[in-house]
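Input: a single structure, listed below in structure tokens.
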Amino acid sequence: MIFKSTRGIAPDKNAAGAIIQGIASDKGLYVPESFPRLAKSWEEYSAMDYKSLAYEVLKPYLDEYTEEELKACIEGAYTNKFQAEEVVPVVHAGGADFLELYHGPTAAFKDMALALMPYMMVEAIKKENENKTVCILVSTSGDTGMAALKGFEDVPGTCIIVFFPDGAVSPVQERQMRTATGSNTYVYSIFGNFDDAQTTQKAILNDKEFGEEMGKLGYRFSAANSMNVGRLLPQVAYYVWAYAQMVKNGRVKAGDPINICVPSGNFGNILSAYYAKQMGVPVNKLICASNKNKVLTDFFETGVYDANREFFVTNSPSMDIIISSNLERLLYHLCGGKADTVRELMDALASGKKYEATAEIKEGLKDFCAGYATEEEILATIGKVFKEDGYVMDTHTAVAYKVYSDYREKTGDETPAVIASTASPYKFAASVCDACGFPKAETEFEAIEVLSREGGLPVHYGLKDLESRKLLHTKAIERAEMKDQVRSVIVERTK
């Protein structure tokens with residue numbers, strides 16, 4: 001399998017090369033040159049466990065990995081670190097099937113890829129005869145940071161530096177990152193929002209002079225955000241799994257369509273669902289759910305991407321994003337791989353924070369629909385579903401369920417639906433308790449105890465005793481200092 005840059009200038013890579021590189025040298029993102037079709041029947045897939053199914057989905061993309069190597073990566077990733085025996089439960093509630101992606105070590109869907117990616121990275125380093133330490137740079141709106149830190153903790157041949165917006169993640173997310181252990185982990189908050197962090201991170205990754213300077217010290221850069229195709233591909237597997245489980249549970253007949261609704265900020269998770277559709281999962285509509293930062297909703301409704309807008313800090317902070325980097329991949333696929341078209345659109349976004357999709361791309365957008373939920377609607381949705389079904393969801397999952405409910409009411413489409421449930425309710429316990437009418441807690445950490453007592457859910461093991469853990473990463477910096485901070489980390493590590 002060959003991976004191409006969306007901007008068409010950087011050299012093609014195999015999977016290992018693309019995973020190590022992270023972002024292409026022409027500032028584009030790597031995409032597979034084609035989509036392999038699912039080779040087995042749904043009856044066969046529905047009889048598999050998660051690890052076996054993930055292998056079947058990933059092997060055509062990672063075909064230079066031997067069967068033994070890829071299976072070892074998957075076996076190492078999806079261990080008892082995941083609380084659910086089936087890794088990803090599919091739970092029917094509120095007239096939909098919730099794909100619970102948060103049973104991994106950091107209680108968020110990012111674990112599904114970031115438990116596997118370090119194993120893939122280590123194998124890639126061996127395959128590419130890489131003799132430099134790979135420095136993983138991460139900008140996060142909340143969940144990616146801790147999942148990446150946990151995934152790459154003490155992984156040989158790597159170090160990881162995470163940046164998150166100061167004061168704009170949940171107290172639980174911040175505490176997780178600031179208490180992260182590992183001799184190769186570094187965490188900094190920045191004064192700015194997620195888009196500031198992501199834009200600066202991209203600039204660092206594409207700074208050839210800086211890359212050469214750090215290369216002389218024995219380091220090279222990569223990314224663990226969904227900008228890295230090694231983050232994107234493992235996520236495809238869980239949408240194939242969702243459909244197989246619905247067949248197994250009798251929710252759909254093999255071959256009948258489903259809808260998939262995904263809460264999305266950076267567009268990586270719903271793009272993975274699009275990839276699953278291209279591989280053969282029978283998807284009717286991909287429903288993109290946004291919060292008050294509804295740049296994606298407006299794009300799917302108008303074909304115009306306009307980042308010239310107010311930025312809101314909301315109760316679903318992992319979606320507080322204006323520049324959705326993974327949308328670039330969708331543009332590439334929908335325009336038939338015309339990299340010059342993608343470059344023009346991305347240049348317009350860089351210069352004026354706005355572009356309009358071509359007629360060809362707009363035609364492809366018809367596979368999608370979109371909507372958004374306000375903060376008040378998010379809380380009302382959590383309370384309603386808990387009261388009626390006894391099912392507890394976090395604020396991001398509630399965005400998806402609200403948007404799906406609106407879509408169903410507006411269209412009358414009763415196609416069985418999968419809701420991507422992206423985080424444990426415990427990561428946003430105060431909001432969830434408020435929505436469910438539980439007693440008010442003084443802090444987010446007290447709210448975890450209230451939610452456990454009133455909601456009847458066991459506290460996720462990755463969040464127990466979080467408040468008492470020692471703070472190890474306390475530094476806050478300006479976004480302009482990010483490159484200097486990266487340099488300082490590397491220089492210090494070479495002493």
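The residues of the chain are indexed from 1 along the displayed sequence.
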Any donor-acceptor pair under 3.5 Å linking the side chain of [X] with the backbone of [Y]?
X    : Y    : value
S272 : Q235 : no
D196 : G192 : no
Q201 : L137 : yes
Y45  : K40  : yes
N315 : I378 : no
E481 : E478 : yes
S324 : N326 : no
N184 : D154 : yes
K353 : A307 : no
D195 : I323 : yes

- What's the spacing between D347 CG and K27 NZ if we round to 0.5 Å? 8.5 Å
- Are N293 and D320 close enough, and set up right, to give a side-chain hydrogen bond (donor to acceptor under 3.5 Å, both in side chains), and what steps lead you there? CA-CA 6 Å; N293 293 294; D320 291 345; 3.1 Å; yes
[Y] side chain reached by [X] side chain, heavy atoms, under 4.5 Å:
X    : Y    : answer
Y332 : R7   : no
V342 : K338 : no
Y50  : E86  : no
L466 : Q176 : yes
K110 : R231 : yes
Y274 : Q278 : yes
V138 : I161 : no
K495 : E492 : yes

I'd like to know if [X] and [Y] make a salt bridge, using a cut-off of under 4.0 Å between side-chain N and carboxylate O.
X    : Y    : value
K216 : E212 : no
E130 : R220 : yes
E213 : R487 : yes
R178 : E174 : yes
D367 : K277 : yes
R343 : D340 : no
E69  : K126 : no

If we ignore angles and hydrogens, is there a donor and acceptor under 3.5 Å between the side chains of [X] and [Y]?
X    : Y    : answer
S316 : N291 : yes
S452 : E449 : no
D465 : S468 : no

- Query: What do the steps show when you test I448 against E467 for side chain to side chain contact (heavy atoms under 4.5 Å, CB included), and what is the final call?
  - Reply: CA-CA 11 Å; I448 289 175; E467 191 176 16; over 6 Å; no
- Message: Taking atom NZ as the centre, does K13 end up with more than 12 heavy-atom neighbours from other residues, nucleotides or ligands that are less than 6.0 angstrom away?
- Response: yes
- Query: If you draw a 6.0 Å radius around CD in E68, do more than 12 non-hydrogen atoms from other residues or ligands fall strictly inside?
  - Reply: no
Identify the heavy atoms of [X] and [Y] that sit nearest to each other, and give their distance.
X    : Y    : value
Y30  : A10  : OH-CB, 4.4 Å
M346 : E328 : SD-OE1, 3.4 Å
I136 : A223 : CG2-C, 4.0 Å
M393 : V432 : O-CG2, 3.6 Å
A289 : C261 : CB-SG, 4.1 Å
Q245 : S46  : NE2-O, 4.3 Å

- Item | Worked verdict on Q173 versus S318 for side-chain hydrogen bond (donor to acceptor under 3.5 Å, both in side chains) | CA-CA 10 Å; Q173 290 172 320; S318 297; 3.1 Å; yes
- Query: What orientation do H396 and F428 show, parallel under 30°, tilted 30 to 60°, or perpendicular over 60°?
  - Reply: tilted
- What class does the angle between the rings of Y275 and F35 fall in, given that below 30° is parallel, 30 to 60° is tilted and above 60° is perpendicular?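 Judged by the thresholds at 30° and 60°, the geometry between Y275 and F35 is perpendicular.
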- Take T179 and L472 through the side chain to side chain contact (heavy atoms under 4.5 Å, CB included) test and state the conclusion after the steps. CA-CA 5 Å; T179 59; L472 301 173; 5.5 Å; no
- Message: Against F109, only a single residue in T144, L101, V262, T397 fulfils side chain to side chain contact (heavy atoms under 4.5 Å, CB included); can you say which?
- Response: L101
- Residue pair N228, Q21: steps toward the side-chain hydrogen bond (donor to acceptor under 3.5 Å, both in side chains) verdict: CA-CA 8 Å; N228 190 318; Q21 183 74 23; over 6 Å; no
- Message: Determine whether Y78 and D111 satisfy the following criterion, side-chain hydrogen bond (donor to acceptor under 3.5 Å, both in side chains), listing intermediate values before the conclusion.
- Response: CA-CA 10 Å; Y78 303 119; D111 290 324; over 6 Å; no
Ring center gap for [X] and [Y] short of 6.0 angstrom:
X    : Y    : value
Y238 : W241 : no
H460 : Y102 : no
Y401 : F98  : yes

- Item | Cation-pi geometry met for K132 and Y219 (6.0 Å, 45°) |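 So K132 doesn't make the cation-pi contact.
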- Does Y65 have K59 sitting over its ring (NZ/CZ under 6.0 Å from centre, angle to axis within 45°)? no
- Item | side chain to side chain contact (heavy atoms under 4.5 Å, CB included) assessment of F194 paired with S139 | CA-CA 7 Å; F194 168 76; S139 49; 4.0 Å; yes
- Message: What verdict does the side chain to side chain contact (heavy atoms under 4.5 Å, CB included) test give for N14 and F3, after you've listed the backbone C-alpha separation in whole Å, the side-chain angles of each residue and the deciding distance to 0.1 Å?
- Response: CA-CA 6 Å; N14 60 11; F3 290 82; 5.8 Å; no
